[in-house]
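Only one structure is covered here, and it is reproduced in the block below.
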Amino acid sequence: MSNYLDTTHELYKEAALSPNVGLCCTTNPIWELPGLKIPKIMQDMNYGCGSTVHARDLTHRPKILYVGVGGGMELLQFAYFSRQKDGVIGVDVVDEMLEACRLNFMEAERQNDWFKREFVNLRQGNALNLPVENNSIDVAAQNCLFNIFKEDDLKRAIAEMYRVLKPHGRLVMSDPICEQPMNATLRQDDRLRALCLSGSLPLKDYISALTDAGFGTIEIRARKPYRILDPQHYPTSELIYIESIEVAAIKDPMPVDGPCVFTGKAAIYFGNKAYFDDKNGHVLLKNQPLAICDKTAHTLTQLNRDDIFISASTYHYDGGGCC
């Protein structure tokens with residue numbers, strides 16, 4: 001491993017041995033589902049910046065992969081929907097984190113009548129070389145992991161996720177992003193990178209890394225405030241604002257005209273007819289908003305019609321779109 005990955009390994013080894021509640025600043029509430037009880041130790045070891053667990057991804061008892069297990073909270077949430085032996089695979093490079101996770105699952109089993117430890121298969125492995133077969137996973141997930149990787153390693157990690165997913169499978173992620181440039185001191189600080197801060201990419205670059213790997217559909221599901229790097233506490237002359245995003249990248253075939261990226265735009269037709277058909281696969285019913293990808297938004301805008309409204313990006317998309 002390179003030096004920055006060594007630093008990351010040691011940091012999360014320490015976090016496994018001595019849970020650090022403040023290590024990450026998760027902005028999502030804990031799932032409240034019938035019969036689901038999440039042990040406090042799992043909540044304390046929830047080292048993420050959002051959620052990767054979405055019910056609409058988890059129908060028909062999918063095979064799930066989660067990379068970077070943390071304290072096991074999201075693994076337990078995934079198992080809630082899967083409920084089958086080895087239905088969820090958890091992979092981590094840190095042995096101490098895997099052992100802590102096993103102990104946490106013993107507590108989870110005591111607190112949840114429905115849960116069996118055999119639902120989750122914990123494996124030692126590297127995100128850059130996953131111990132998982134090709135085309136075997138319905139839903140893959142990672143939370144606050146990809147932002148740690150430098151460019152070449154990030155490409156390898158995304159390519160590995162793409163490899164193990166079935167056709168039309170989805171990679172669900174939560175990561176910090178940052179639209180402001182960071183100075184070299186911040187970027188080269190291995191500990192700040194391991195803390196999910198100085199590796200944050202602009203959203204455009206994050207999306208490009210996914211589409212370059214072959215993912216044909218990208219969904220931006222949430223975009224929220226995350227952290228501040230200020231001159232008093234960090235080596236920066238200006239205040240830097242970091243956000244967290246939740247994204248799904250779907251292993252759809254790449255469209256000839258490029259990927260479909262949903263950033264929360266919608267089109268509303270308000271003309272004199274019952275509907276508008278652009279003759280390109282998009283039918284807008286009168287006064288009914290239709291979620292559209294950014295590519296379709298651009299195409300409709302180019303028509304220069306005075307009876308179609310295109311909203312700005314909300315960075316919230318929950319399905320039902322144009323593609």
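Nothing here was measured: the structure is a model prediction, and the numbers come from that model.
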Check ion pair [X]-[Y] (N to O, under 4.0 angstrom):
X	Y	value
R223	E246	no
R117	E109	yes
D44	K40	yes
R221	D318	no
R305	D307	yes
E99	K13	no

Looking only at side-chain N and O atoms, does [Y] offer a donor or acceptor that is under 3.5 Å from a partner on [X]?
X	Y	value
D252	T217	yes
Y4	D153	yes
D230	H233	yes
N287	Y269	no
E238	T236	no

Would you mind reporting whether [Y] and [X] have side-chain heavy atoms less than 4.5 Å apart?
X	Y	value
H168	P253	yes
I89	V91	yes
I148	C196	yes
L65	M161	yes
Y12	V93	no
L122	L75	yes
L76	Y80	no
Y47	M97	yes

Report yes or no: does [X] contribute a side-chain atom to a donor-acceptor pair with the main-chain N or O of [Y] at less than 3.5 Å?
X	Y	result
N104	G71	yes
S18	A15	no
T211	P259	no
Q43	I38	yes
Q124	D95	no
D189	T185	no
Q180	L239	yes
T59	A55	no
Q142	M173	no
R163	N135	no

[X] with [Y], same ILVMFWY side-chain cluster at under 4.5 Å:
X	Y	value
F262	I250	no
F105	I41	yes
Y315	I310	no
V247	V164	yes
V132	V120	yes

Between F270 and F309, does the ring centre distance come in under 6.0 Å?
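Centroid distance F270-F309: not below 6.0 Å, so no.
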
Run the ring-centre check on Y226 versus Y241 and record whether the distance is less than 6.0 Å.
no

Linked hydrophobic residues, M106 as query - side chain contacts closer than 4.5 Å:
L103

As an exercise, state the distance from [atom1] of [X] to [atom2] of [Y], rounded to the nearest 0.5 Å.
X	Y	atom1	atom2	value
E151	D205	CD	CG	9.0 Å
D175	I242	CG	CD1	12.0 Å
S51	N46	OG	CG	8.5 Å
H54	Q77	NE2	CD	10.5 Å
K204	T263	NZ	OG1	13.0 Å
L284	F276	CG	CZ	6.5 Å

So which heavy atom on [X] is nearest to which on [Y], and how close?
X	Y	value
S200	P176	OG-CB, 3.4 Å
L128	N126	N-OD1, 2.8 Å
L186	N183	N-OD1, 2.8 Å
G264	Y317	N-CB, 4.5 Å
P62	V139	CB-CG2, 4.4 Å
A267	I292	CB-CD1, 3.8 Å

Step by step, work out the salt bridge (Lys or Arg N to Asp or Glu O under 4.0 Å) result for E96 and R102.
CA-CA 10 Å; E96 291 81 3; R102 289 188 183 96; over 6 Å; no

Evaluate side chain to side chain contact (heavy atoms under 4.5 Å, CB included) for D92 paired with C101, printing each intermediate quantity in order.
CA-CA 10 Å; D92 205 297; C101 203; over 6 Å; no

For the pair F146 and F149, name the ring-plane relationship: parallel under 30°, tilted 30 to 60°, perpendicular over 60°.
tilted

Parallel, tilted or perpendicular, judged at 30° and 60°: which one describes the rings of Y66 and F78?
tilted

Do R193 and T8 pass the side chain to side chain contact (heavy atoms under 4.5 Å, CB included) test, and can you show the C-alpha distance, the side-chain angles, and the key distance before you say yes or no?
CA-CA 8 Å; R193 181 172 287 272; T8 302; 5.8 Å; no

Evaluate the side chain to side chain contact (heavy atoms under 4.5 Å, CB included) criterion for residues C178 and E243: first the C-alpha distance (whole Å), next the side-chain angles of each, then the deciding distance (0.1 Å), finally the verdict.
CA-CA 6 Å; C178 182; E243 300 167 280; over 6 Å; no

Hey, mind stepping through L197 and N147 against side chain to side chain contact (heavy atoms under 4.5 Å, CB included) and telling me if it holds?
CA-CA 8 Å; L197 296 173; N147 70 98; over 6 Å; no

So with a 6.0 Å cut-off around CD of Q302, is the heavy-atom count from everything else above 12?
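Yes.
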
Please determine whether the number of non-hydrogen atoms from other residues, nucleotides or ligands lying under 6.0 Å from atom CG of D113 exceeds 12.
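At most 12 heavy atoms, drawn from other residues, nucleotides or ligands, come within 6.0 Å of this atom.
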
Exactly one of K251, K166, K63, R170 clears salt bridge (Lys or Arg N to Asp or Glu O under 4.0 Å) with D138, and that residue is K166

Pairs meeting criterion salt bridge (Lys or Arg N to Asp or Glu O under 4.0 Å) with involvement of residues 262-289, two or more places apart:
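Matches after skipping sequence neighbours: none remain.
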
